[in-house]
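Working notes for the structure below.
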Amino acid sequence: MAKAEDDRRPKYQRIADTLREAIRSGEYGPGDRLPGENDLMAAHGVARMTARQALGVLRDEGVAEARKGVGVFVREFRPLRRRGIQRLAQQQWGNGRSVWSADIEGRSLEVDQATVSEEGAPDGIAAVLELTGEETVCVRRRRFVLDGKPVLLATSYLPASLVAGSAITREDTGEGGTYARLAELGHQPVHFREEVRSRMPSSDEATRLSMAEGTPVILICRTAFTDEGRPVEINEMTLDAASYILEYDFDA
């Protein structure tokens with residue numbers, strides 16, 4: 001029954017499945033060129049559009065990437081495993097380590113774009129941070145690059161009055177990052193809430209993240225709270241979905 005159902009799938013899907021399995025088995029490794037449209041037409045007896053659609057499926061999944069005038073290649077980038085719980089443990093940033101150190105496993109990570117400014121709080125941000133209409137926020141905008149590939153855009157909002165004069169208002173917040181500096185100010189985060197959803201990227205997001213066509217973004221909005229339940233930071237993150245595996249490891 002399953003085979004009959006598979007046989008009814010469009011030809012381009014079946015060709016894409018064959019190519020995907022060849023990649024998984026190691027027949028085509030990272031950086032290898034996949035069969036082109038002419039090759040697929042000859043091997044499977046299909047029209048050019050069908051061959052093009054099959055390759056398009058792999059591009060949309062982030063498995064392959066097109067190089068203009070050269071062909072379609074297996075993506076070389078290794079996804080980043082984002083350990084959602086371990087990375088926020090106090091023993092990470094409390095001991096001077098970046099929350100990223102739980103994820104990158106010795107790989108090269110850098111922030112290649114960073115700005116810090118004081119601005120009026122957007123309505124939604126002001127409501128969550130429990131600010132009055134006159135209070136401003138410290139806004140930290142960064143782009144993170146892993147192994148030369150942009151993978152994340154992040155914008156953090158903190159009450160400006162809370163962080164005034166601290167390293168949080170500078171591009172480099174120092175060892176342990178923002179959460180370590182908040183702890184020094186007497187506002188140590190002890191609880192976090194993350195909301196996760198996905199959508200297709202805006203043209204600006206796709207450009208800044210150097211994303212393959214058809215790849216969605218993952219949106220994570222994290223709010224940090226003190227022991228008294230006060231919200232002290234909102235971090236809105238936009239992730240290239242093809243660059244991430246979200247991992248949540250916890251006891252029952």
Side-chain angles (χ1 to χ4, degrees), residues 16 19-20 23-24 28-34 53-68 70-88 92 98-116 125 139-157 171 177-178 192-224 233-249:
L19 291 172
R20 193 186 302 105
I23 294 170
R24 288 174 178 166
Y28 299 105
D32 286 350
R33 185 181 183 277
L34 292 172
Q53 287 177 303
L55 292 171
V57 169
L58 299 183
R59 290 199 307 271
D60 290 348
E61 292 176 352
V63 174
E65 60 183 356
R67 299 177 189 172
K68 190 172 182 180
V70 182
V72 178
F73 295 77
V74 180
R75 284 194 68 179
E76 295 185 77
F77 185 80
R78 178 162 56 98
L80 177 67
R81 189 173 294 274
R82 184 183 188 273
R83 295 175 169 85
I85 295 176
Q86 294 93 326
R87 70 198 314 272
L88 294 175
Q92 283 288 118
S98 163
V99 296
W100 278 85
S101 63
D103 303 336
I104 60 176
E105 300 176 329
R107 300 167 70 182
S108 174
L109 175 78
E110 64 177 0
V111 177
D112 76 331
Q113 297 175 6
T115 63
V116 184
I125 299 297
V139 184
R140 300 179 51 81
R141 295 182 174 91
R142 293 92 67 209
R143 185 175 78 163
F144 292 81
V145 177
L146 180 70
D147 296 341
K149 165 71 172 67
V151 295
L152 168 70
L153 307 175
T155 302
S156 295
Y157 301 88
E171 289 184 10
T178 296
F192 300 92
R193 180 181 65 227
E194 288 194 344
E195 299 174 347
V196 183
R197 62 189 180 94
S198 64
R199 59 166 168 75
M200 297 308 294
S202 67
S203 58
D204 178 65
E205 290 167 339
T207 299
R208 294 186 64 200
L209 289 172
S210 302
M211 295 175 65
E213 183 179 352
T215 305
V217 289
I218 300 171
L219 306 177
I220 300 178
C221 180
R222 181 173 68 234
T223 306
E233 185 223 29
I234 297 173
N235 190 350
E236 295 183 335
M237 294 162 275
T238 303
L239 293 66
D240 174 1
S243 297
Y244 276 90
I245 295 172
L246 304 186
E247 178 182 299
Y248 296 91
D249 183 9

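Values below: every heavy atom of this structure, side chains too, minus hydrogens, waters and symmetry copies.
The closest side-chain heavy-atom distance from Leu19 to Val57 is not below 4.5 Å. A heavy-atom distance below 4.5 Å is found between the side chains of Cys221 and Ile234. When side chains are defined from C-beta on, Thr238 does not count as touching Arg208, because their heavy atoms never get closer than 4.5 Å. Looking only at side-chain heavy atoms (C-beta outward), Leu219 and Glu236 stay at 4.5 Å or farther from each other. Looking at heavy atoms from C-beta onward, Met211 lies in side-chain contact with Val217 at the 4.5 angstrom threshold. The side-chain heavy atoms of Leu34 and Ile23, taken from C-beta on, include a pair separated by under 4.5 Å. A 4.5 Å side-chain heavy-atom check between Asn235 and Arg142 finds at least one atom pair inside the cut-off.
Considering every non-hydrogen atom in both Ala66 and Arg59, the closest pair reads CB-CD, 3.6 Å. Closest heavy-atom contact between Tyr244 and Val151: CE1-O, 3.3 Å. Taking both residues in full, the closest heavy atoms of Pro201 and Pro216 are given as CD-CA, 4.1 Å, listed atom of the first, atom of the second, then distance. Nearest approach of Phe73 to Gly31, heavy atoms of both residues: CD2-O, 3.3 Å. Ala154 approaches Phe144 most closely through the heavy-atom pair CB-CE1, 4.0 Å.
For the atom pair OG1 of Thr155 and CD1 of Ile125, the computed distance is 9.0 Å after rounding to the nearest 0.5 Å. Considering CD1 of Ile218 and OG of Ser198, their distance stands at 7.0 Å, rounded to 0.5 Å. One distance of note links CD1 of Ile220 with CD of Glu194; it measures 5.5 Å at 0.5 Å rounding. To the nearest 0.5 angstrom, Glu233 atom CD is 9.0 Å from Arg140 atom CZ.
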Problem set entry | Stepwise side chain to side chain contact (heavy atoms under 4.5 Å, CB included) test for Glu171 and Val111 | CA-CA 10 Å; Glu171 289 184 10; Val111 177; over 6 Å; no
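Counting heavy-atom neighbours within 6.0 Å of Arg197 CZ, excluding the residue itself, gives a total of 12 or less.
The side chain to side chain donor-acceptor pair (under 3.5 Å) check on Asp112 picks up Arg143, with sequence neighbours excluded.
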